[in-house]
Amino acid sequence: MKRDTFTGRVGFVLAAAGSAVGLGNIWRFPYLAAQYGGGIFLLVYLVLVLTVGIWLMSAEIAMGRKTGLSAVGAFRTLNSKYSFIGYLAALVPILVLPYYSVIGGWVTKYFFAFVSGGAAASATNGFFDSFTASTFEPLAWFLVFLGLTAIAVFFGVEKGIEKVSRVLMPVLVILAVFIAGFVVLQKGALEGVLYYLTPDFSRFSVKTVLAAMGQMFYSMSVAMGIMITYGSYMKPDVSIATSAKQIALFDTCIAFVSGLMIVPAVFLFSGGSEQSLNQGPGLMFETLPKVFQNMNGGAAIGTVFFLLVLFAALTSSISLMETVVSIFQDQMKLSRIRASLLTLVISIMLGIPSSIGFGLWKDVRVLGLQFLDFFDFISNSVIMPIVALLTALFIGYVIKPQTLLDEIERTSPLKSKGWFSLTIRYFAPVCILIVLITSLLSTFGLFTI
């Protein structure tokens, strides 16, 4: 079976950047930056992205292009004894896609609420809780969002994923810049902008580094099999190192602009309260509708904002579904349509508990967590760091960094090859292990990030 490919560097970068740019950029990055000293958090995050993040991403892309296979096949081809790492990596998007699509359904619901004139209703107390506690409406929006994702994947790499990314990513950038510009020009917004951007060195701590490190892994789509899969679609004349840098830059810029959208707006609305920024999903679905309701032209801005978030969520969910589809195609020799339908069925079955876990099944807990929180914990806080750690050790000590350096240098020599090896063998494993331990401890209240 001939493998699909992206048409070139631009198509690959936009699709991969679309994978990285998601809900984590829109709400998680801004509140972490605000919580951990504004500019100092941005600085630490940027340093980590330019060191650990880019090289881990480059390594995964190189694995995919070198083998021409998705995660399971890539690890098996490079060393069959370690194919279990590929299976672990494959498990991440299988678990993440369903609950991510549930949240994507919430975003879709809010976008249509704003479009249909329901902005005021969405800003009322209890609106979000009432919506998520119902049984059928969240399920319906979950299926709508998952269906939109599946349509793009059905059409394949070039005609589906790349075409969608070429449209959504530029529009996403335009919308983000527009909203950020509108917010920072609001009367009194300058105080919030300064709060977001000014480095507060007195608040620099180990927790600042840990928070930035955790966000880096969360945001850059490493240890999920995505970059291996997309790398397998990459043409041999496209520079891996340059593409990874462009993806990282794109992802970081969107996260930064998201902060300019959200922090000053919420800061104004709350009278400078930091606590209002640290609400997880509540920030987007409870606080921001109230912010838009109290802003001149807020209904229109809210509509554009939720359209932006919907686009960001879709580009990420498409990459998650494509990764699972590619694995099923490689391992089970299924056609794209059959692999896509199988992925769709599995995602629906796994997504239903997350959707009704706030209503009908609200009293059913796993490890004391609701279904959506459990799937998020087990995938993001446990399996992803383990996969990232095993991948770094696999590259650093089993196949050796030079194996992937040869692939990375197919287009041009890499000046920083020494740093690549150092990062993969030593720096990355230590960072990942710290993230894994602190994530587990913080989940059970033994450590606070």
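Just so you know, these numbers use all the heavy atoms, side chains as well, and skip hydrogens, waters and symmetry mates.
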- Note on the structure: So side-chain hydrogen bond (donor to acceptor under 3.5 Å, both in side chains) across residues 162-179, not counting sequence neighbours, yields T7-E162, T7-R166, E162-R166

- Item | Other residues, nucleotides, ligands: >12 heavy atoms within 6.0 Å of F155 CZ | no

- Item | Heavy-atom pair of closest approach, residues L175 and V304 | CD2-CG1, 3.5 Å

- Is D330 reaching over with its side chain to a backbone N or O of G73, donor-acceptor style, under 3.5 angstrom? no

- Hey, do the aromatic rings of F131 and F285 have their centres closer than 6.0 Å? no

- Message: Just so I know, are the side chains of M63 and I395 near enough to count as touching, which here means a heavy-atom distance under 4.5 Å?
- Response: yes

- Note on the structure: The complete set of side-chain hydrogen bond (donor to acceptor under 3.5 Å, both in side chains) pairs with one or both residues in residues 44-68, sequence neighbours excluded, reads R65-E407

- Message: Run the side-chain contact (heavy atoms from CB on, under 4.5 Å) test on I161 and Y230 for me, step by step, so that the C-alpha distance in whole Å, both residues' side-chain angles and the decisive distance to 0.1 Å come before the verdict.
- Response: CA-CA 11 Å; I161 298 168; Y230 276 19; 3.6 Å; yes

- Strictly under 6.0 Å, is that where the ring centroids of W106 and F145 end up? no

- Query: Going by heavy atoms in the side chains, are P429 and L389 under 4.5 Å from each other?
  - Reply: yes

- Greater than 12 external heavy atoms within 6.0 Å of R338's CZ: no

- Can you name the residues that form a side-chain hydrogen bond (donor to acceptor under 3.5 Å, both in side chains) with S319, not counting sequence neighbours? S19

- Do you know which two heavy atoms are closest between G396 and I424, and how far apart they sit? N-CG2, 3.8 Å

- So, T315 side chain and A312 main chain: donor-acceptor pair closer than 3.5 Å or not? yes

- Worked check of side-chain contact (heavy atoms from CB on, under 4.5 Å) between T5 and V157: CA-CA 6 Å; T5 61; V157 175; over 6 Å; no

- Distance in Å, L404 CG paired with L78 CG, rounded so as to fall on 0.5 Å steps: 7.0 Å

- Item | Shortest non-hydrogen contact from A392 toward A428 | CB-CB, 4.4 Å

- Query: Between the main-chain N or O of F256 and the side-chain N or O of Y196, is there a donor-acceptor pair closer than 3.5 Å?
  - Reply: yes

- Note on the structure: Taken to the nearest 0.5 Å, the spacing of S421 OG from W419 CH2 works out to 11.5 Å

- Item | Side-chain heavy atoms of F204 within contact of L43, under 4.5 Å | no

- Message: Would you say that I432 contacts V52 through its side chain, given a criterion of any heavy-atom pair below 4.5 Å between the two side chains?
- Response: no

- Item | Check: S316 side chain, A313 main-chain N or O, donor-acceptor pair, under 3.5 Å | no

- Spell out, as yes or no, whether a donor-acceptor pair under 3.5 Å connects the side chain of T438 to the backbone of I434. yes

- Is I61 close to F12 at the side-chain level, that is, under 4.5 Å between some pair of heavy atoms? yes

- For residues A248 and M220, report the shortest heavy-atom separation together with the two atoms involved. CB-CE, 3.8 Å

- Item | Ring-ring centroid check F29 F41, cutoff 6.0 Å | yes

- Query: According to the side-chain hydrogen bond (donor to acceptor under 3.5 Å, both in side chains) rule, which pairs have a member within residues 238-247, sequence neighbours left out?
  - Reply: R9-Q246, S239-T242

- Test applied, ring pair (Phe, Tyr, Trp, His ring centres under 6.0 Å); reference residue, Y110; option that passes from F306, F305, W141: F306

- Item | Over all atoms of both residues, closest heavy-atom pair of D4 and G156 | OD2-CA, 4.3 Å

- Message: Once rounded to the nearest 0.5 Å, what's the spacing between atom OG1 of T391 and atom CE of M384?
- Response: 11.0 Å

- Stepwise side-chain contact (heavy atoms from CB on, under 4.5 Å) test for D373 and V366: CA-CA 9 Å; D373 295 328; V366 183; over 6 Å; no

- Task: Report yes or no: do E322 and Y233 form a side-chain donor-acceptor pair below 3.5 Å?
- Result: yes

- Item | F142 vs P138 side-chain heavy atoms within contact, under 4.5 Å | no

- Pairs satisfying side-chain hydrogen bond (donor to acceptor under 3.5 Å, both in side chains), at least one member in residues 251-265, at least two apart: N25-D251, S219-D251

- Would I247 and M57 count as a side-chain contact (heavy atoms from CB on, under 4.5 Å) if you check the C-alpha gap in whole Å, the side-chain angles of each, and the deciding distance to 0.1 Å? CA-CA 9 Å; I247 295 164; M57 181 184 288; 3.8 Å; yes

- Message: I'd like to check the side-chain contact (heavy atoms from CB on, under 4.5 Å) partners of Y82; sequence neighbours left out, ordered by chain and number.
- Response: N79, F84, I85, F394, V398

- Message: If you define the side chain from C-beta out and look only at heavy atoms, does anything of I327 sit under 4.5 Å from T323?
- Response: yes

- Task: Would you give the length of the straight line joining atom CG of L344 to atom CD1 of I151, rounded to the nearest 0.5 angstrom?
- Result: 10.0 Å

- Query: Of all heavy-atom pairs between L320 and P93, which one has the smallest distance, and what is that distance?
  - Reply: O-CB, 3.8 Å

- Item | Side chain to side chain, I262 and L288, heavy atoms closer than 4.5 Å | yes

- Supply the atom-to-atom distance T208 OG1 to M213 CE, rounded to the nearest 0.5 angstrom. 11.0 Å

- Interatomic spacing from CD1 in I399 to OG1 in T77 - rounded to 0.5 Å: 11.0 Å

- Please say which of T343, I346, L350 ends up in a side-chain contact (heavy atoms from CB on, under 4.5 Å) with L97. T343

